[in-house]
Amino acid sequence: MKKLYSLGAMVLVLLIAAPGLAQAGSPQTREERIQMLIDQAIALNRAKNLARMAAERENGGLSVYQAEAAMHGPSVESPFVDNGDGTLTFNFVGGPPGFTTPTIESVVTVNTIDWTITMDYNGPIRNPNGNFAKESRIRKYAPAARGN
């Protein structure tokens with residue numbers, strides 16, 4: 001029930017806050033528009049999870065690393081940028097499980113077309129004020145094993 005509520009909340013936020021998400025030639029009927037928004041919310045959630053899991057894997061696993069809370073909550077509240085080309089870039093911090101002061105910054109780009117994951121940066125926090133610059137790619141992961 002909680003997942004259904006979260007999905008409904010994401011769709012409602014997308015309906016209210018992001019009317020410009022529709023591309024040229026978007027669906028004409030209300031039902032098609034709603035389905036498109038649901039699909040976008042599901043894709044954003046999948047991308048967020050893939051980005052978080054890439055950082056967890058890169059940093060030694062869940063026994064030694066935990067991403068910030070925003071990467072575990074509702075997708076629309078996660079720190080991401082839609083690059084406008086079918087990719088989403090997530091910029092988040094983490095540290096040892098239960099951390100209060102993060103020590104690691106991760107920048108992960110997920111391609112929502114073929115689900116490839118690119119670790120753009122993973123290392124010490126570069127700017128504690130939150131102004132992050134995109135760095136060159138460090139490691140490229142193969143597409144996720146799950147089907148679309």
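From Arg57, atom CZ reaches atom CE of Met119 across 7.5 Å, with rounding to the nearest 0.5 Å. To the nearest 0.5 angstrom, Met36 atom CE is 13.5 Å from Glu31 atom CD. If you take CG on Leu37 and CD1 on Ile42, they are separated by 11.0 Å, rounding to the nearest 0.5 Å.
Side-chain N or O atoms of Gln66 include one that pairs as donor or acceptor with a backbone N or O of Gly98 at under 3.5 Å. With Asp85 contributing its side chain and Thr87 its backbone, the two residues share a donor-acceptor pair below 3.5 Å.
Contacts of Phe92 classified as ring pair (Phe, Tyr, Trp, His ring centres under 6.0 Å), with partners at least two apart in sequence or in another chain: none. With sequence neighbours left out, the side-chain contact (heavy atoms from CB on, under 4.5 Å) criterion links Ala70 to Glu68, Pro79. With sequence neighbours excluded, the residues that form a side-chain contact (heavy atoms from CB on, under 4.5 Å) with Thr103 are Pro96. Residues satisfying the side chain to side chain donor-acceptor pair (under 3.5 Å) test with Ser106, not counting sequence neighbours, are Asn122. Take Gln35 and apply the side chain to side chain donor-acceptor pair (under 3.5 Å) test, not counting sequence neighbours, and it matches Asp39. Judged as a ring pair (Phe, Tyr, Trp, His ring centres under 6.0 Å), and not counting sequence neighbours, Tyr65 has no contacts.
Residues Asn49 and Arg46 have side chains that never bring a donor and an acceptor to within less than 3.5 angstrom of each other. If you check the side chains of Thr109 and Thr89, you find a donor sitting under 3.5 Å from an acceptor.
Shortest non-hydrogen contact noted between Met71 and Ser78 is SD-CB, 4.2 Å. The shortest non-hydrogen separation linking Ile113 to Asn111 is N-OD1, 2.7 Å. When all heavy atoms of Val110 and Ala47 are compared, the closest pair comes out as CG2-O, 3.6 Å. Between Gly84 and Asp82, the shortest heavy-atom distance links the atoms N-OD1, 2.8 Å. The minimum heavy-atom distance between Arg126 and Val107, with the atom names listed, is NH2-CG2, 3.4 Å.
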May I have the step-by-step check of side chain to side chain contact (heavy atoms under 4.5 Å, CB included) for Asn59 and Ile104, ending in yes or no?
CA-CA 9 Å; Asn59 290 298; Ile104 299 170; 3.6 Å; yes
Step by step, would you call Ile38 with Arg33 a side chain to side chain contact (heavy atoms under 4.5 Å, CB included)?
CA-CA 9 Å; Ile38 290 170; Arg33 175 84 172 124; over 6 Å; no
Checking Val108 against Asp120 for the side chain to side chain contact (heavy atoms under 4.5 Å, CB included) test, could you report, in this order, the C-alpha distance in whole Å, the side-chain angles of both residues, the deciding distance, and whether it holds?
CA-CA 5 Å; Val108 183; Asp120 298 310; 5.7 Å; no
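The shortest distance between side-chain heavy atoms of Val81 and Leu88 does not fall below 4.5 Å.
Sorted by first then second residue, the ring pair (Phe, Tyr, Trp, His ring centres under 6.0 Å) pairs that include residues 66-85, not counting sequence neighbours, are Phe80-Phe90.
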